Structures are given as structure tokens and as C-alpha cells.
Amino acid sequence: MSQPANLSPSAYLKDHASAGRGVFASTLIPPGTEILNVTDPLICIPDDAHLDTCCHYCMAEATDEASSVNQAYRPPVKLSYCLGCRVVKYCSKACQTTDWKQKSHKYECVIYKAQYPRVLPVTARAILRMAKQFLSETPGSNIVGGIGALKAHAEGFVKVGGDRWEMANLTAKGAAEFSKVSKQVSFEPEFLRDMYCKLLINSATVVTQTFDPIGLCLAYQGAMFNHSCDPNAIMMFDGRQLSIRSLKEIPKDAEITISYIDNLSTRKERKEDLKSRYFFDCACSLCSSDVQPLESSRCPKCKGSIPSNTTTCPNCNQITPDDELSAAIALAASTTTQRTKRNADKSPTTTLKSLQSLYSANLPPTFPPIPQLHQDLATSYIDEANWKTAFLHLLTLYVKVYPAVYATPYHPVRVVRTFTLAMVLIQIAVDAPEGLGENIDFTKVLYGLLTEVCGNVEKSHGGQSTFAEVVRRKMEEVKVDIGIDSNWEADKWMGKGLRAIPDLEGEVAKIIKIVDEFLETLKSN
Ligand SMILES: C[S@@+](CC[C@H](N)C(=O)[O-])C[C@H]1O[C@@H](n2cnc3c(N)ncnc32)[C@H](O)[C@@H]1O
């Protein structure tokens, strides 16, 4: 089987027993290794919500739109419309020229202009770009071979029918119709429908370095990796550059897997999601296991953890009545359904009420969707500059959730969220340090959090990444601002986490107390 050029020599492509092609380790791969790097994915474009705020080529966010973390330390980005269509924007002439010549904006521009002020949805924009690039290449080229080999699951789409199949037909028909204004080439709906199916099965959401979704990407090299709910690698983005990095040590000849979905969900939800979106029954090691760590419940008597496959507490032998447990689990499932509905009420008041109900039903902080609700609330409170409340939700995740769900301290999501926690702490220290439980030594905790982030960022994001640069600069700034005492050598504990720093024992105990008290208030409300 021919090997993609961008794949590291430590990985190889081969046919999998039950999942088509897959990528395998040709040697033992240490954690934090870059396995794939694609600087120029076939398609990488802003989604509908970010057409106005991201460069259509490099995906840079306009300065005033970027989240505070992304905005912190990079040159200001100003976007200007393409004067042809007035739909897409660029941060520089260079990006505009490359997109025009190499990425087929020259082709799209007239189509977008003809539809203006209506804007084509991201899937229609993506399939036109995909089809154009496919037809512009000579047969046998990498692009033609790459797109040709992608799974389409057309029979799956037909069989499922309903909304998804209707959407495939509608999008393809619409895009084919729009393409008729081009003097270069127009497409048949059936061809575009095939592209649409391939896009849905093989594309990924482009995220910022802090994991905020901004666009849609199709890189046939990245689409060769199969899924696991307990993946050993992760797909990341730095602008339009896609990489796949190992999350743990991967033994020689083991399959390298990424996760296609939100892993912080129950087995039932994960399996349903994978079946309906990717047409396979997940039989990964986690789905096959009797015990689902996130679905452990909490013993009402001793507060210990009860594994998901029993109702008896292994610690005190208390038996939780079956109906009590089933009611709590059903409440969690309906909260997830409600949260993921397109038009759901996402206000902090409603989210907080849901969170309080789940805690009142005696579920632990790791039970889905409790982590997601804390994250949703933290995001809303950050937007409102309500730093203290945001801090309490982020701190709960930091203390109670991340160590359980992201086993390694260098998991990129854990590192990014720890950085956000540190940034929020800075705001509190600046605005109003009093009134947060017992007085924490903000300086030490902040420096401790940043040493943790700095020590892990090489493995999580790569030392050359934009995020690593942001983190290093922030650390230098904080060192100067707080006048680091040269006797206090926190650098020694770089990357090990707050708990490992002896000087911080007292502060860590205070933090845990703050979180425990916060959870009690949520439960009793
Ligand atoms: C993005 S592609 C992955 C590469 C694919 N195996 C190939 O041959 O091109 C996604 C498709 O691969 C298959 N797949 C991925 N992970 C799988 C898994 N854990 N078990 C079974 N099939 C899987 C499914 O058919 C899914 O729709």
C-alpha cells in the first residue's frame, strides 16, 4: 500500500482486519511525538459562523474576535473582504493570492458573487472546492488518488435515509446549480453528492489552539486514521496546519487511533453517535469493557466511587437502589439530549439549573454531561467577565475531572484548560482578589499553574507551536510582574502539577476545600 508522504517514518498504512485502512506504528512511539504533519490540507475553510472573522486561507482570527488566549501574543490581524465576492476575507495579499491560485477561489469567486447576499453553507462551499481540485488534477496525482480512496458510505447514507440523505441531495443539487455560472466547469449533482458523503465521513472540525471550533478541514492523509474512544493520538491544528500527535506510548505495530467524537460521553451516546455519523459499530477497548470509568456513580453513604457495572459500593458495601440510580442516569441522558439540540436554551441560568439537578441526583463531577456543563458555564462567565464564578467552574474541572478523564498531564485539552485557569486567576488577582474562600496565595498558585503548562507544552502541542510561544511569553511576563523569588525554585517541578510542588501543599489543600464547598452549594440549591 503506498504510504502518504507526510506520515512520519514511525508510522505505516495498512489494511485493517475490520475497519478498512488504518495507520500503525512501525516502531515504539513515545508520547508527544508528531506522527503526521499536513501544512496544506486539501480543504481548510472557515465555518459559517467564522467567515467574517477568520482568514479564508490561513485561518487567522481577526484580533478583536480571537479569544483572549489566542489574541494574547501575536501581531494584530486585520481582515479585508475579497472585492470580487465580498463573502470571504483575508489577512494578507499573500493569503489571498495563494487561495486564488492554488485553492480555487478563482473558481468559487463568481459563484459566491452570483449568490450574494446569500452565502453558501460550509458543506456546499467545501464540496465545490473538493470537486474543482479533483477535476483540475491529472489522473494518478496524489489529490485524485487521495480523494478517490476516501470512504463514502453512500449505501449507508441511502439506507439511513431521512434528514441526512435529504441534506446530501439538497446540498449537491444546490451546489451543482450554483456551479453553472462558472465559465470554467460545472458539476452534476450525483458527482457532488459523492463528494458530500466523502466530506462528511472524512472531514474534521478545525479548532484553534485552545480547541474552539472555527472551520472544516479535509486532509486525505489525516482521514486514514481510525477511531477509538480511548485513543492513543489526537488531531490538532495550528492555523491551517494539521498534525496528529501521540497521547501515550504506542507499541510497535499497534494501531494509531484518534477520536472522532466527544469522548466525555457515555458508552451508549458514543456508540449511537459513531453509528449514525460514521456507519460503524465501535468495538474499541473502552466500548468492549464492562467498566465505564466516566459512568461510575457516587455512594450516598461514604461518597466513594461505585463502578458502572454494579450498584454495591466496594468501599462500604452500601447498595444503591436500582431505581434511584436509573433515575439519575436517565436525568443525565436527557440533559445531554437537551444540551445538544440545535435550538437549546444555552443561557447560564438554564445550564446552572441542569448542573444543580445532576449534583442533587448524587452524580459525581465526571458523569457526562457534568464536565461539559461546567465548561459551558465557564465559557459564558468568561464572556461576561465574571471571573470568580468562571474560576470556580474551571477549578472544579481542574481538581475533580481532568486527572480522571485525561490520564496524562500533557493531554493537550488538559494543558489548554489549565492555561485558561491561570489566565482567569490573573484577572481575579488584578480585579478583586478578596472573597474567594480562604485567601489563596495567588502568586504561588499562578506560578505553579504556569510551570505545569510550560513543562507539558512541548509534549502536548510541540515546542514550535503558536500555543507554546504564547505560554512561554506569558510565563516570562508573570515572572517579571510578580518578581519571582529566586529562592523559590518552582522551575524544578516544571510540568509535574500543583500537587507535586512542596511549597504549594497548603495552597492545594485550600483549593480542594474551595471546590468541595462549591460542589456542596451546587448540590443543595
Ligand atoms: C475517516 S475514515 C478512516 C479510514 C478508513 N478506515 C479508510 O479505509 O479510509 C472513517 C471510516 O473508517 C471506518 N472506521 C474508523 N474507525 C473504525 C473503528 N474503530 N471500527 C470500525 N470501523 C472504523 C468507518 O468505516 C468510518 O466511517
Side-chain angles (χ1 to χ4, degrees), residues 1-7 11-25 35-36 38 41-44 123 126-127 130 134 142-160 164-165 167-168 193-207 215-237 242-248 250 253-263 265-289 292:
M1 188 169 277
S2 74
Q3 304 296 314
N6 331 45
L7 204 57
Y12 63 97
L13 189 65
K14 75 162 189 185
D15 272 332
H16 189 284
S18 56
R21 301 169 302 172
V23 181
F24 294 76
I35 299 164
L36 177 78
V38 184
L42 185 72
I43 292 165
C44 187
T123 45
I127 55 174
M130 201 171 155
F134 185 79
N142 284 343
I143 291 184
V144 171
I147 297 179
L150 294 176
K151 270 194 186 300
H153 282 299
E155 66 304 332
F157 278 96
V158 177
K159 202 165 142 204
V160 173
R164 280 195 100 197
W165 185 233
M167 189 52 91
R193 195 176 59 204
D194 185 47
M195 294 288 146
Y196 180 92
C197 294
K198 289 189 170 187
L199 181 77
L200 259 58
I201 298 297
N202 297 282
S203 59
T205 300
V206 184
V207 290
L216 184 68
C217 170
L218 178 69
Y220 45 85
Q221 307 91 329
M224 294 163 184
F225 288 76
N226 284 322
H227 164 91
S228 167
C229 299
D230 181 17
N232 51 25
I234 185 168
M235 184 181 282
M236 319 215 345
F237 288 88
L242 173 159
S243 63
I244 291 188
R245 305 179 63 83
S246 57
L247 287 172
K248 39 180 123 165
I250 307 177
D253 293 323
E255 184 168 16
I256 304 169
T257 52
I258 58 174
S259 174
Y260 296 174
I261 53 162
D262 176 9
N263 270 7
S265 36
T266 63
R267 169 166 53 190
K268 184 168 177 286
E269 288 155 3
R270 295 194 310 265
K271 282 179 94 75
E272 283 174 4
D273 204 8
L274 290 163
K275 182 76 180 168
S276 69
R277 284 167 61 193
Y278 298 98
F279 304 104
F280 70 91
D281 292 303
C282 191
C284 73
S285 55
L286 184 60
C287 286
S288 313
S289 161
Q292 296 296 308

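As the structure is a prediction and not an experimental result, all values here were calculated from the model. Throughout, residue positions are numbered sequentially from 1 according to the sequence presented. Just so you know, ligand 1 is whichever comes first in the structure, and atom 1 is the first atom listed for that ligand.
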Result block: side-chain N/O donor-acceptor pairs under 3.5 angstrom for residues 142-155, not counting sequence neighbours:
none

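Classification of the F280-Y260 ring pair by plane angle, with boundaries at 30° and 60°, yields perpendicular. Ring-plane geometry between H16 and F24 is classed as tilted, the angle between the planes lying from 30 to 60 degrees on a 0 to 90 degree scale.
Ion pairing of K271 with D281 is absent here, as no side-chain N (NZ or NE/NH1/NH2) approaches a carboxylate O to less than 4.0 Å.
Side-chain atoms of S243 and I35, non-hydrogen and from C-beta on, never get closer than 4.5 Å to each other.
Rounding to the nearest 0.5 Å gives a distance of 10.0 Å between CG of L247 and OG of S259.
Near ligand 1, A19, G20, R21, K151, H153, I201, N202, A223, M224, F225, N226, H227, Y260, Y278, F280 each place a heavy atom less than 4.0 angstrom from the ligand.
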